[in-house]
2 protein chains.
Amino acid sequence: MELKALDNDILRYLARHRLKLNGKALSEPIPALTELSDELGLSIGKLREQLEVARALGLVDVKPRTGIRHAPYDFLPAVRLSLLYALAIDPCAFDQFSQLRTHVEFGFWHEAVALLQPEDHEALQALMKAAWAKLEGTPTQIPHAEHRQLHLMIFGRLNNPFVHGILEAYWEAYEAVELNRFADYAYLTAVWRYHQAMVDAICAGDADAGHRALVEHTHLLQSREGSARKSKSLYRPRDAVPGRAGADLSKETT
Amino acid sequence: MELKALDNDILRYLARHRLKLNGKALSEPIPALTELSDELGLSIGKLREQLEVARALGLVDVKPRTGIRHAPYDFLPAVRLSLLYALAIDPCAFDQFSQLRTHVEFGFWHEAVALLQPEDHEALQALMKAAWAKLEGTPTQIPHAEHRQLHLMIFGRLNNPFVHGILEAYWEAYEAVELNRFADYAYLTAVWRYHQAMVDAICAGDADAGHRALVEHTHLLQSREGSARKSKSLYRPRDAVPGRAGADLSKETT
DNA sequence: ACCGCCTATTCATCCGATAAATCGAAGGAT
DNA sequence: ATCCTTCGATTTATCGGATGAATAGGCGGT
């Protein structure tokens, strides 16, 4: 797979450089900006513009003196950037992304649960315990971190960066929305009873029962979301009813 | 929703500016770079670095004389950038993204099909006709564009930018992979018989039958993919078996 | 009314200078 | 010998300015 579709020289260079490393020694140094400037025939300024994209996508770490280093690949930064912007300009976006998250979790459920190890089961139960402790402590705390961690852990063994990125981005957005919202005790305990059922089913090896609990749990969550669901999305599809095939981008300007 | 999580001044500014437009007049001019430089207290150079990120994410169009203009929101550029990089450095990434696509299509199927209008049904059948014409013409042509368009059209009415971005990105990657691959006539006609069954079921109002055809079609596709499925993913999950909740990013350096 | 030229505005690109950060070595204290 | 501090060199961070390139819109000619 080649990056010919990219208009960013640094990204192409980074990919080639990383390929040559062949998985080993990810921390191998990348030439300094001045050197890259010569090698790629670009000015420092232009180089830094493109490097900023790579940095924003989380593909490299760049620090003074240390220089530019490859970072472990992660889909999250790209999703986070675009999603945060969407949330800022369109109140409808959270629900749309939430639906995506739902279908991703539903779809990958059985495969993910099947991959879980005994130590994961223990870790899940430990998380539940921590969550109940927060819920029933005085004062009552909302176990946001545990909620997020529970979902992420279940799908962690998939080792799928795209799934991971979408789920992480969702929970970031979810916490940003939910943290400002009143949550009554009845609602919270209902949510966590579903979680408990989910985890118990997983540990008992009954993935189907776990899936049903996940569905119920999701419905409960969504009944509290959707504050802006009636508002119309600002998003316009590129080719909802196209005549031809070659979908052309960036046309309408509203 | 606020963009406080972002380290990019331009993105925050753009979101605020666009919000003030309130949906109307997306083509309202954005101040020139020199002006933004004063307003945000940043140098032109630094500004351009950040602006390049916004441009790469497809959030703005920037041209000489015209200046910077808001673009219709699109999730695709972000996914495309990160996905292309992943594909370049990890042969396993295509399969992982392909699985995501599969579950997204399966998950949204019923809702998407229910939204389709009579004119969409006609457009789908027209696409099928065009595809068969290519398949049975002399010389035989592979209806790549129709394949992509068919899938996109079915989910187009969802009006969900995230679904749209993922599907578009998938088909871009798929064509890049598949176009270089030998495809025999028997395989192609099998694929398109499933498509025909899918479209016929949609037009007949039988979403379940359409879903079954989609599943079969996907299995057939996947039996041809997965050239690199046995290779191990370079991706390392951040917290597959974490002890604590606060998932910390960017740690291991392999 | 139409067409082509001109100009002002804006981005595009590059250069050079200075500040800030930090890794590693050298040197001193215990 | 070990640890800590200091210092210097390297690299990124940020800025301002100069010049080039592109083009939208105005101007004038037909």
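Small disclaimer: the values here were computed from a predicted structure and weren't measured. Within every chain, numbering begins at 1; the chains are lettered A, B, ... in the order of the sequence lines, protein sequences first and strands thereafter.
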Nearest whole angstrom, please: distance from the C1' of C/dA12 to the CD of B/E49. 15 Å
Just the rounded figure in Å: distance from P of D/dA13 to CZ of A/R55. 8 Å
Side-chain N,O (A/R48) to OP1/OP2 (D/dA13) below 4.0 Å: yes
Could you list the residues that satisfy side-chain hydrogen bond (donor to acceptor under 3.5 Å, both in side chains) with B/S37, not counting sequence neighbours? none
Write out all pairs satisfying salt bridge (charged side-chain N to carboxylate O under 4.0 Å, His left out) with one or both partners inside residues 49-60 of chain B, taking only residues at least two apart or from two chains. A/D7-B/R55, A/R48-B/E49, B/K46-B/E49, B/E52-B/R55
Round to a whole Å and report the spacing from CG of B/L33 to P of C/dT13. 12 Å
N-O pairing of B/R157 and B/E119 below 4.0 Å: yes
How many Å lie between CG on A/L51 and P on D/dT12, as a whole number? 9 Å
Checking B/A93 now: which residues fulfil side-chain contact (heavy atoms from CB on, under 4.5 Å) with it, not counting sequence neighbours? A/F162, B/A86, B/L87, B/D90
Rounded to whole Å, the CG-P distance (A/D9 to C/dC14) equals 11 Å
With sequence neighbours left out, what residues match A/H103 under side-chain contact (heavy atoms from CB on, under 4.5 Å)? B/F108
Tell me: CG of A/L36 to C1' of C/dC14, nearest whole Å? 17 Å
Applying side-chain contact (heavy atoms from CB on, under 4.5 Å), can you list everything that pairs with A/A169, at least two apart in sequence or on another chain? A/L76, A/V79, A/L83, A/F97
Could you pull out the protein-nucleic contacts involving nucleotides 15-23 of chain D (nitrogen or oxygen on both sides, under 3.5 Å)?
residue: D/dC15; atom: OP2; partner: B/S43; partner atom: N; Å: 3.1
residue: D/dC15; atom: OP2; partner: B/S43; partner atom: OG; Å: 3.1

